[in-house]
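Okay, so here's the structure we're looking at.
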Amino acid sequence: MNKDVIIACDFASKEELFSFLQRFTDEKPFLKIGMELFYAEGPSIVKELKARGHKIFLDLKLHDIPNTVKKAMAVLSHLEIDMCNVHAAGTISMMEAALEGLTRPDGTRPLLIAVTQLTSTSEERMQNDLLIDRPLEEVVMHYAANAKIAGLDGVVCSPLEAGEVKAVCGNSFLTVTPGVRFADGEKGDQVRITTPAKAREMGSDYIVVGRPITKAEDPVAAYRRCVAEFLGGEIK
Ligand code: C5P
């Protein structure tokens with residue numbers, strides 16, 4: 001399994017992104033591109049990053065009727081991205097349609113993972129606003145199981161949930177985990193956090209790290225520290 005550190009590139013423009021990336025002369029980090037940058041710059045940003053040799057997690061969190069998601073995924077499959085995602089709340093049939101759309105004629109496809117419940121949704125809001133009258137953790141595990149049934153590769157979850165997801169869905173089901181901070185670092189607005197080393201112990205396959213790297217005085221050193229802590233000393 002390819003464990004890796006993914007840098008969350010939460011930048012407003014291509015210029016900001018490239019000025020950040022120019023510091024990386026020896027490594028080609030795996031990058032997460034979200035809605036902000038994708039909507040601002042369009043598919044060309046992904047093509048440009050792929051041409052520079054980066055792996056890309058395109059974090060667009062699709063959630064629509066199965067037919068629409070299938071067609072959107074077919075478009076994304078041409079971008080040669082490495083990972084993308086949908087909301088598990090779209091149902092098993094929507095996730096199956098996403099997988100179908102994403103699969104290229106030669107049978108290859110990027111990894112497809114599901115968002116279960118956003119970490120910004122508290123149990124209280126889920127129960128009161130969404131009328132989902134179950135404990136949050138039970139909902140997260142149920143959605144993860146649905147993603148597995150639909151044939152997806154894994155879920156985005158808290159590192160603290162990674163072990164339980166593996167217990168429910170099997171060890172090869174991927175856990176992609178944000179909410180990672182250095183032991184001596186700032187928490188920012190993240191609440192349920194853990195360190196890169198702890199995330200590895202808990203079973204994360206990919207950690208998604210934004211501000212601890214992008215806002216660091218020395219982003220390359222921060223990235224290397226993340227890789228060393230997460231992969232156990234192995235700097236790629
Ligand atoms: O800066 P930070 O390390 O908190 O960045 C984490 C990244 O992971 C951000 O892009 C954020 O939107 C994303 N994310 C998250 N929690 C989730 C899903 C995605 O923090 N549940």
Side-chain angles (χ1 to χ4, degrees), residues 4-13 16-17 20-21 29-41 45-46 49 54-63 81-90 111-123 125-126 130 136-137 139-141 143-144 147 152-162 164-165 174-200 202-217 219 221-227 229-230:
D4 211 345
V5 173
I6 302 178
I7 304 179
C9 294
D10 295 319
F11 298 107
S13 69
E16 274 180 51
L17 171 66
F20 168 74
L21 288 178
F30 200 138
L31 306 175
K32 178 171 90 71
I33 300 299
M35 293 183 215
E36 184 186 12
L37 203 53
F38 191 75
Y39 292 154
E41 303 289 351
I45 188 74
V46 173
L49 292 169
H54 293 279
K55 286 191 171 175
I56 303 291
F57 168 18
L58 190 57
D59 181 19
L60 299 182
K61 301 187 179 72
L62 275 67
H63 188 177
I81 51 175
D82 300 279
M83 184 187 290
C84 59
N85 57 3
V86 291
H87 270 283
L111 292 171
L112 181 60
I113 58 172
V115 175
T116 54
Q117 281 292 340
L118 292 169
T119 44
S120 52
T121 307
S122 65
E123 184 164 276
R125 291 269 61 89
M126 185 189 72
L130 307 181
L136 183 68
E137 195 179 316
V139 176
V140 168
M141 295 310 151
Y143 283 20
L152 269 63
D153 302 295
V155 286
V156 184
C157 64
S158 157
L160 311 173
E161 294 157 357
E164 180 73 15
V165 168
L174 301 174
T175 53
V176 179
T177 66
V180 174
R181 293 292 180 266
F182 293 123
D184 52 0
E186 301 259 333
K187 274 172 75 169
D189 54 358
Q190 294 281 12
V191 182
R192 300 178 67 217
I193 55 167
T194 193
T195 62
K198 267 263 171 257
R200 180 192 54 186
M202 290 172 155
S204 293
D205 295 299
Y206 294 91
I207 51 172
V208 176
V209 187
R211 287 160 292 178
I213 296 175
T214 57
K215 303 275 186 227
E217 220 163 279
Y223 171 73
R224 287 184 180 155
R225 180 177 170 190
C226 257
V227 171
E229 288 189 18
F230 183 59

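The structure displayed is predicted, hence computed values, not measured ones. Numbering of ligands and ligand atoms starts at 1, following listing order.
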- Query: Given L174, which of D153, V165, V155 fulfils the side chain to side chain contact (heavy atoms under 4.5 Å, CB included) condition?
  - Reply: D153
- Number the atoms of ligand 1 from 1 as they appear, then name those within less than 4.0 Å of a heavy atom of A8, with their elements. 7 (C), 10 (O)
- Query: Among protein heavy atoms, which lies nearest atom 20 (O) of ligand 1, and at what distance?
  - Reply: Q190 NE2, 2.8 Å
- Scanning both residues in full, the closest heavy-atom pair of P196 with E229 reads CD-OE1, 3.3 Å
- Using the ring of each side chain (for Trp, its six-membered ring), is H63 parallel, tilted or perpendicular to H87, with breaks at 30° and 60°? tilted
- Could you check atom 12 (O) of ligand 1 against the protein and tell me its nearest heavy-atom contact, residue, atom and distance included? K32 NZ, 4.2 Å
- Task: Quick one: pull up CD1 in I207 and CE in M202 and give me the separation to the nearest 0.5 Å.
- Result: 13.0 Å
- Message: So if I count the atoms of ligand 1 from 1 in the order they appear, which ones are less than 4.0 Å from some heavy atom of R211?
- Response: 1 (O), 2 (P), 3 (O), 4 (O)
- Please confirm whether Y206 and F30 have ring centers closer than 6.0 angstrom. yes
- Query: Got an N/O contact under 3.5 Å between D59 and ligand 1?
  - Reply: no
- Query: Any N/O of K61 closer than 3.5 Å to an N/O of ligand 1?
  - Reply: no
- Message: Please report whether ligand 1 has a polar contact with P212, defined as an N or O pair separated by less than 3.5 Å (distance criterion only).
- Response: no
- Does R181 have a heavy atom less than 4.0 Å from any atom of ligand 1? yes
- Message: Show me which atoms of ligand 1 lie under 4.0 Å from any heavy atom of T119.
- Response: 16 (N), 17 (C), 21 (N)
- Of all protein heavy atoms, the one nearest atom 19 (C) of ligand 1 is P178 CG, 3.8 Å
- List every atom of ligand 1 that sits less than 4.0 Å from any heavy atom of G210, numbering the atoms from 1 in the order shown and giving each element. 1 (O), 2 (P), 3 (O), 5 (O)
- Task: Quick one: pull up CE in M83 and CG in L112 and give me the separation to the nearest 0.5 Å.
- Result: 10.0 Å
- Message: Taking 4.0 angstrom as the limit and counting only heavy atoms of D10, give me the atoms of ligand 1 inside it, by number and element.
- Response: 9 (C), 10 (O)
- Item | Residue pair A162 / S204: nearest heavy atoms and the distance that separates them | CB-N, 4.1 Å
- Task: Return yes when atom NZ of K198 has more than 12 non-hydrogen atoms of other residues, nucleotides or ligands closer than 6.0 Å, and no otherwise.
- Result: no
